[in-house]
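Residue numbering restarts at 1 for every chain, and letters A, B, ... go by the order of the sequence lines.
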Amino acid sequence: MRVATWNINSIGARLPKLLEWLERAAPDAVCLQELKSTPEAYPLKELEEAGYTSAVNAGGRWNGVAILSKVGLDDVTVGLTPGPGFPEADGPHEARAISATCGGVRLWSVYVPNGREVDNPHYAYKLEWLGALRAAVAADAAGPRPFAVLGDFNVAPTDKDVWDISLFGENSTHVTQAERDAVTALEGVGLREVMPRALKYDVPFTYWDYRELGFPKNKGMRIDLVYGNAPFAAAVSDSYVDREARKGKGTSDHAPVVVDLDV
DNA sequence: ATGCCCGTTGTTAACGGA
């Protein structure tokens, strides 16, 4: 079974590239982020014609996540489970999480808040959101079924996961210890990172800014991550970042992360 | 060549992205 995660930066603008990639890579299930789509505008029919059913949490102009599957979509849950300290309780709902079981594998597709700047309220929201995610996935993570959280975490796990750490200042997000701790706290509920292979260069970056020749110069970041429980990790036969999908015109600024499983 | 920002919206400027 092949699963993948991809921040596609608008499913409307990206549909031709998405359909092309689905045919080429032939994943069984795909976690998508940044749909930037209303529920009405989501291209359900086009994806069905390509062989994929969809579980969608679309929020309109911003955010939005989905799971595509060729192998079933069962027990879909939308958003994070409300509870004490639930960060969305005081603001508008943001479409940043959805989960489903696909072919016996439980998957969460997540779009972690950006944070903007360390002194911006959005940064605190980001840390709270990651805490709520940890609580929300704890039961699935502890279960016997292969389970993984896949998505755009908006956190580079180590200094090596950005092209030049010296360019990140005191107020820069994505690289702070608090953000990294909030992500690695997932290990406390039994998850561990599934590391992808690099197809080129040392570090398999997943994001390159559209500006200033980010991709050709490989000024990238590794922020799209896969965290799996022990049964999931044990089933992994390969994982890589499909940087081919970042080449050319009309692409997302992120590349897909692919994980092959013996299940 | 992988090539000089992109996507969305009470659009023609502003904002988010990271």
(request) Tell me what A:Y111 touches on the nucleic acid: a base, only sugar-phosphate, or nothing, going by heavy atoms under 4.0 Å. (result)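 Sugar-phosphate contact only.
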(request) Indicate, with a heavy-atom threshold strictly under 4.0 Å, whether A:E244 touches base, sugar-phosphate, or nothing. (result)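 Since no nucleic acid heavy atom lies under 4.0 Å of A:E244, the category is nothing.
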(message) Show, in sequence, the C-alpha distance, side-chain angles and deciding distance for A:W163 and A:M221, and conclude whether the side-chain contact (heavy atoms from CB on, under 4.5 Å) test is met.
(response) CA-CA 6 Å; A:W163 77 99; A:M221 301 172 73; 3.9 Å; yes
When you get a sec, tell me which of [options] is the closest nucleotide to the side chain of [X]?
X	options	answer
A:K249	B:dA18, B:dT8, B:dC4	B:dC4
A:R211	B:dC5, B:dG16, B:dT9	B:dC5
A:R61	B:dG7, B:dA18, B:dG3	B:dG7
A:L213	B:dG17, B:dG3, B:dC15	B:dG3

Any [X] side-chain nitrogen or oxygen under 4.0 Å from OP1 or OP2 of [N]:
X	N	result
A:N154	B:dA18	yes
A:N114	B:dA18	yes
A:R14	B:dG7	yes
A:S10	B:dT8	yes
A:N7	B:dA18	yes
A:R116	B:dG17	yes
A:H254	B:dA18	yes

(message) Taking the C1' atom in each of B:dT9 and B:dG3, what is the distance between them to the nearest angstrom?
(response)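 That atom pair is separated by 29 Å.
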(request) In whole angstrom, give me the gap between the C1' atoms of B:dC15 and B:dG10. (result)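 Nearest-Å result for B:dC15 against B:dG10 at atom C1': 15 Å.
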[X] [atom1] to [N] [atom2], straight-line distance once rounded to whole Å:
X	N	atom1	atom2	value
A:I11	B:dT8	CD1	P	11 Å
A:M221	B:dA18	CE	P	9 Å
A:E34	B:dC15	CD	P	18 Å
A:D253	B:dG16	CG	C1'	11 Å

(request) Would you mind telling me which residue lines up with the more 5' stretch of DNA chain B, A:K247 or A:E212, judged by nearest nucleotide? (result) A:K247
(request) Answer yes or no: is there an ion pair linking A:D28 with A:K70, defined by an N-O contact shorter than 4.0 Å? (result)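 No.
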(request) Using a strict cut-off of less than 4.0 Å between a Lys/Arg side-chain nitrogen and an Asp/Glu carboxylate oxygen, indicate whether A:E48 and A:K45 qualify as a salt bridge. (result)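 Between A:K45 and A:E48 there is no salt bridge, as every charged N stays at least 4.0 Å from the carboxylate O atoms.
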(request) Using modelled atom types only, decide if a donor and an acceptor are shared between the side chain of A:D260 and the backbone of A:D238 within a distance under 3.5 Å. (result)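 No, the answer is negative, given that no donor and acceptor are paired below the 3.5 Å cut-off.
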(message) For the backbone of A:E117 and the side chain of A:N171, can you confirm whether one donor and one acceptor N or O come within less than 3.5 Å of each other?
(response)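 Judged by distance alone, no pair lies under 3.5 Å.
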